[in-house]
Amino acid sequence: MKTSPLDKLVCPVCKGPLKHDPKTQELICENDKQAYPIRDGIPIMLPGEARSLSEPEQPAS
């Protein structure tokens, strides 16, 4: 069984598990309803950079 380095990351807020969404290039914390972006292959694990999953997405202006 092969593991990815992303499997070792945890949510910076609750320390819970993260689920990788390859379609959106995000790491999802289902506990906190936050999505952390992956930019250029690097996970951005800053709470201020996370997208809330509980709010509807705003259309791009």
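Scope of the values below: all heavy atoms of this structure, side chains included, with no hydrogens, waters or symmetry mates. Remember, it's a predicted structure, so these values are computed and weren't measured experimentally.
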Of all the heavy-atom pairs spanning [X] and [Y], show the shortest one and how long it is.
X: Ala50; Y: Gln34; result: CB-OE1, 3.1 Å
X: Ile38; Y: His20; result: CD1-CD2, 3.5 Å
X: Ser54; Y: Ser52; result: OG-OG, 2.9 Å

Starting at [atom1] of [X], measure out to [atom2] of [Y] and round the result to the nearest 0.5 Å.
X: Glu26; Y: Arg39; atom1: CD; atom2: CZ; result: 9.5 Å
X: Asp32; Y: Leu53; atom1: CG; atom2: CG; result: 10.0 Å
X: Cys11; Y: Asn31; atom1: SG; atom2: CG; result: 7.5 Å
X: Lys8; Y: Leu18; atom1: NZ; atom2: CG; result: 14.0 Å
X: Cys29; Y: Lys19; atom1: SG; atom2: NZ; result: 11.5 Å

Going hydrophobic residue to hydrophobic residue with side-chain gaps under 4.5 angstrom, can you get from Val13 over to Leu9?
yes

